[in-house]
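As structure tokens, the structure follows; a few thoughts come after it.
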Amino acid sequence: MSNAVFIEAANISELETVLTTNSDADLLLMDLHMPGANGFVGLAHVIQNYPQLPVIMISANESNAVAAGSQRYGALGFIAKSASIQEMIRAIDQVLMGGLAFPPGLSEFEKSDQEELSELINKIAGLTLKQLEVFNLLANGLLNKQIAYQQQVTEATIKAHVTAIMRKLNVYNRTQVVLIASKVKVDEDFGSTTSPH
């Protein structure tokens with residue numbers, strides 16, 4: 001690893017830039033809660049667009065459900081942020097040698113819920129990077145005018161993105177887009193044993 005080059009990205013947009021300019025990257029260590037990545041949506045987006053790139057998900061949430069979700073959406077490994085340096089190196093080495101690095105005994109989600117969630121995540125992952133950014137801003141409750149200001153484009157451009165997003169997600173209004181965003185959101189307590197609300 002002495003000759004290794006490490007490149008950092010603060011959000012999904014920066015990551016996209018890094019990956020397009022460094023097509024020979026050997027490995028991606030991706031935080032589950034990277035800004036703009038929307039949990040497993042960001043992972044699925046990377047896997048769809050860079051299928052040759054091995055990805056290890058990293059999260060402060062150590063639940064088997066998060067590790068299983070990471071595997072389900074294409075990661076080759078999962079590292080908890082509390083892992084020791086030796087555990088991290090072992091997981092990275094395993095993936096670089098073509099193996100998998102997941103904790104033993106991964107739990108499965110409920111099958112029907114898992115299939116619906118997978119379908120949604122894969123649809124969202126198929127959005128372009130700009131559409132994904134607009135999707136995340138819609139999910140945060142911003143209006144077209146606010147999104148246009150933040151993205152430094154016209155409101156008409158945002159309306160076009162919103163229309164394309166609704167078409168790709170097969171929904172008919174912004175509220176449905178926001179509902180989908182809430183379904184795919186991965187909270188810090190995702191997979192914990194608390195009862196559903």
Practice task
Calculate, to the nearest 0.5 Å, the distance between atoms CD1 and CD belonging to Ile180 and Glu119 respectively.
Solution key: 9.5 Å
Problem - Leu76 vs Ile56 side-chain heavy atoms within contact, under 4.5 Å - result: no
Practice task
Please determine, by modelled atom types, if His161 and Gln151 share a side-chain donor-acceptor pair under 3.5 angstrom.
Solution key: no
Handout entry: Test side chain to side chain contact (heavy atoms under 4.5 Å, CB included) applied to Val55 and Tyr73, step by step
Key = CA-CA 10 Å; Val55 180; Tyr73 298 110; over 6 Å; no
Problem - 4.5 Å side-chain heavy-atom contact, Asn49 and Leu19 - result: no
Problem - side-chain hydrogen bond (donor to acceptor under 3.5 Å, both in side chains) pairs, two or more places apart, involving residues 76-89 - result: Asp31-Lys81, Glu62-Ser82, Ser84-Glu87
Handout entry: Under the side chain to side chain donor-acceptor pair (under 3.5 Å) test, residues paired with Gln146 that sit two or more places apart
Key = none
Completion exercise
The residue among Asn136, Leu137, Val134 that forms side-chain contact (heavy atoms from CB on, under 4.5 Å) with Leu142 is Leu137
Practice task
For Ser63 and Asn61, run side-chain hydrogen bond (donor to acceptor under 3.5 Å, both in side chains): C-alpha distance rounded to whole Å, both residues' side-chain angles, the deciding distance at 0.1 Å, then the answer.
Solution key: CA-CA 6 Å; Ser63 81; Asn61 185 323; 3.1 Å; yes
Problem - Exercise: identify the closest heavy-atom pair between Val41 and Ala125 - result: O-CB, 4.1 Å
Exercise for the section: Could you pull out the closest heavy-atom pair between Gln48 and Asn122, with the gap in Å? Expected result: NE2-O, 3.2 Å
Handout entry: Which atom of Leu143 lies closest to which atom of Arg174, heavy atoms considered
Key = CA-NH2, 3.7 Å
Problem - Heavy-atom side-chain proximity of Phe40 to Leu32 below 4.5 angstrom - result: yes
Practice task
Quick one: pull up CG in Leu29 and CD1 in Ile58 and give me the separation to the nearest 0.5 Å.
Solution key: 4.5 Å
Problem - Spacing of Ile92 atom CD1 and Met97 atom CE [to the nearest 0.5 Å] - result: 12.0 Å
Handout entry: Whether Gln150 side chain and Ile147 backbone form a donor-acceptor pair below 3.5 Å
Key = no
Practice task
Write down the atom of Leu43, the atom of Met30, and the distance for their closest heavy-atom approach.
Solution key: N-CE, 3.7 Å
Exercise for the section: State the CG-NE2 distance between Leu127 and His45, to the nearest 0.5 angstrom. Expected result: 8.5 Å
Completion exercise
When rounded to the nearest 0.5 Å, the distance separating OG of Ser13 from CG of Leu132 is 8.0 Å
Practice task
Kindly work out whether a path of hydrophobic side-chain contacts (I/L/V/M/F/W/Y, heavy atoms less than 4.5 Å apart) joins Leu100 to Phe78.
Solution key: yes
Practice task
For residues Met166 and Tyr172, report the shortest heavy-atom separation together with the two atoms involved.
Solution key: SD-C, 3.7 Å
Fill in the blank from the handout: Between Phe102 and Ala67 the two heavy atoms that sit nearest each other are CE2-O, 3.6 Å
Problem - Nearest-0.5 Å distance that lies between atom CZ in Arg90 and atom CD1 in Ile85 - result: 12.0 Å
Problem - Over 12 foreign heavy atoms within 6.0 Å of CD, Glu8 - result: no
Practice task
Starting from the C-alpha separation in whole Å, work towards a yes-or-no answer on side chain to side chain contact (heavy atoms under 4.5 Å, CB included) for Lys123 and Lys168.
Solution key: CA-CA 7 Å; Lys123 279 183 182 178; Lys168 285 183 178 179; over 6 Å; no
Problem - Hydrophobic cluster identity match, Val178 and Ile165, side-chain contacts under 4.5 Å - result: no
Exercise for the section: Mark yes or no for whether Ser70, through its side chain, and Val66, through its backbone, hold a donor-acceptor pair below 3.5 Å. Expected result: yes
Handout entry: Side chain proximity check, Phe135 to Leu169, heavy atoms < 4.5 angstrom
Key = yes
Problem - Any Pro103 side-chain heavy atom under 4.5 Å of Asn64 side chain - result: yes
